[in-house]
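Below: the structure, in structure tokens.
Numbering of residues begins at 1 and proceeds along the displayed sequence. In each ligand, atom 1 is the first atom listed, and ligand 1 is the first ligand listed.
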Amino acid sequence: MQQTKEPSFRESVDLMFNRAAKLMDLSPGLEQKIRVCNSTYTVRFGVRLRGKIETFTGYRSVHSEHMEPVKGGIRYALSVHQDEVEALAALMTYKCALVETPFGGSKGGLCIDPRQWDEHELEQITRRFAYELIKRDLIHPAQNVPAPDMGTGEREMAWIADQYARMNTTDINAKACVTGKPPHAGGIQGRVEATGRGVQYALREFFRHKEDMARAGLTGGLDGKRVIVQGLGNVGYHAAKFLSEEDGCKVIAVIERDGALLDPKGLNIEDVRQWMNRHGGLAGYPNATHVADGAPVLEEACDILIPAAMEGVINLGNAERIRAPLIVEAANGPVTFGADEILRRKGCVIIPDMYANAGGVTVSYFEWVKNLSHIRFGRMQRRAEEARSRLLVEELERLSADKGLGWTLAEDFKERFLTGSDELALVRSGLDDTMRTAYQAMREVWHSRQDVEDLRVAAYIVSIGRVAQTYRSKGL
Ligand code: GLU
């Protein structure tokens with residue numbers, strides 16, 4: 001449980017910002033300008049549901065408009081409040097700067113338990129919330145572009161896009177008003193998996209650097225590494241699935257609302273998720289050990305801990321007992337400022353949220369570009385690429401036959417070489433490149449400066465530096 005002496009989430013983000021700003025050469029005025037949240041709009045609206053009027057409270061915070069549009073998800077949860085939305089909006093600013101998506105930072109939230117309402121009711125609520133935001137240009141392709149977050153997904157984004165289109169019938173770029181839409185409604189391949197995929201690419205990049213692994217006391221590759229994942233929602237599920245199915249990691253525990261599943265040999269993530277979809281939780285899953293209290297499982301011995309649910313789950317109350325040498329923050333703000341200090345002292349390496357979970361906004365950027373260009377990625381090049389590959393294969397085969405060399409190209413190679421990149425392949429390639437480049441920018445600061453202890457401060461320094469540069473070039 002979170003203790004009272006812990007700062008709030010927003011204060012925690014500010015304190016982390018201050019740690020980095022102290023090491024930078026910013027004028028106090030500019031430092032303050034970057035730190036503060038520009039504005040938060042609160043709306044209370046009524047929707048007639050089940051025979052009476054229900055009032056809902058929603059927020060849209062804009063942290064920084066150094067670039068526009070501003071970007072960030074909309075969260076549906078009962079725990080949503082202004083402090084949280086502002087902290088998340090600030091993280092969006094730094095995240096976008098770090099992975100070079102040309103956006104400012106924003107975030108939205110609606111106080112609601114989405115499981116309490118059926119689909120039709122959720123549509124009415126979402127459309128009404130969207131209406132309130134659209135009316136004030138807080139949803140707009142050139143000014144503010146929301147996306148999914150906890151409690152929302154493709155379905156809600158499709159409703160928002162449609163609501164915007166109804167209110168802006170002549171806007172040819174209407175679809176770019178929101179990202180994370182389903183593919184049939186202007187979305188892009190690979191957006192749903194993007195954040196989890198980004199976590200995988202982040203870890204792969206970390207494991208390419210022996211020096212960085214050594215800081216966590218890790219050796220070898222990802223193969224065989226013991227992983228604990230907290231939260232098997234969209235992000236945790238995809239990260240756990242890809243790491244176990246493609247990189248040989250053993251997911252020895254997953255933690256959810258109703259406890260945890262443990263298997264030292266490694267869980268079958270797809271199987272666990274199917275079970276969750278059918279039964280609403282982990283309990284009763286037959287192929288692993290279930291414990292009702294999930295919290296202590298965070299403290300189990302493992303190589304990599306991936307908190308992929310809520311903020312503040314690693315706090316002053318449990319940080320001392322965390323045994324993982326490497327934490328990957330797939331969620332936003334899972335480690336509090338105080339816990340971060342304790343973990344650093346213990347030698348734990350943390351791959352920070354603003355980098356680790358940036359896969360989502362990166363692919364959102366690709367979707368936004370796709371919507372503005374009105375053409376699917378790969379549509380022009382794919383077959384041309386295939387034709388050139390075929391030319392080469394045919395020439396190799398002709399040479400081999402002519403000279404009697406008896407070469408045969410492996411069927412598997414041929415098939416892969418002759419397949420042009422479709423949208424999904426291009427999205428993954430762009431995401432991989434983004435994750436690698438951003439990691440390298442962080443580690444460059446981490447290793448080149450004596451006063452930079454950890455990746456989080458390095459990430460903030462890179463991000464704040466970029467935001468500062470943009471402000472300066474605007475004459476601020
Ligand atoms: N909600 C996600 C995040 O926290 C995605 C934001 C976006 O795609 O704009 O990064």
* To do: Would you please classify the geometry between the H66 ring and the Y471 ring as parallel, tilted or perpendicular, with 30° and 60° separating the classes?
  =>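 Because their plane-to-plane angle lies in the 30° to 60° range, the rings of Y471 and H66 count as tilted.
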* Asked: Do other residues, nucleotides or ligands put more than 12 heavy atoms under 6.0 Å from the CD1 atom of I375?
  ->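 Counting neighbours around CD1 of I375, more than 12 heavy atoms of other residues, nucleotides or ligands fall under 6.0 Å, so yes.
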* Anything with a heavy atom under 4.0 Å from ligand 1 counts, so go ahead and list those protein residues by chain and number. =>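 Only K71, G72, G73, M92, K95, K107, A147, P148, D149, R191, N332, G360, V361, S364 have heavy atoms that fall under 4.0 Å of ligand 1, ordered by chain and number.
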* **Set of side-chain hydrogen bond (donor to acceptor under 3.5 Å, both in side chains) partners for R60, sequence neighbours left out** =>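 With sequence neighbours excluded, R60 shows a side-chain hydrogen bond (donor to acceptor under 3.5 Å, both in side chains) to S106, N144, given in chain and number order.
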* Asked: W446 ring centre to R456 NZ or CZ under 6.0 Å, with the angle to the axis within 45°?
  ->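 No; the conditions do not both hold, so R456 does not lie above the ring face of W446.
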* Asked: Cation over ring, R128 on F56, under 6.0 Å and within 45°?
  ->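 The answer is no, since R128 fails at least one limit relative to F56.
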* To do: Scan side-chain atoms only and decide if E205 and Q440 contain a donor-acceptor pair under the 3.5 Å cut-off.
  =>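 The answer is yes; a qualifying pair exists.
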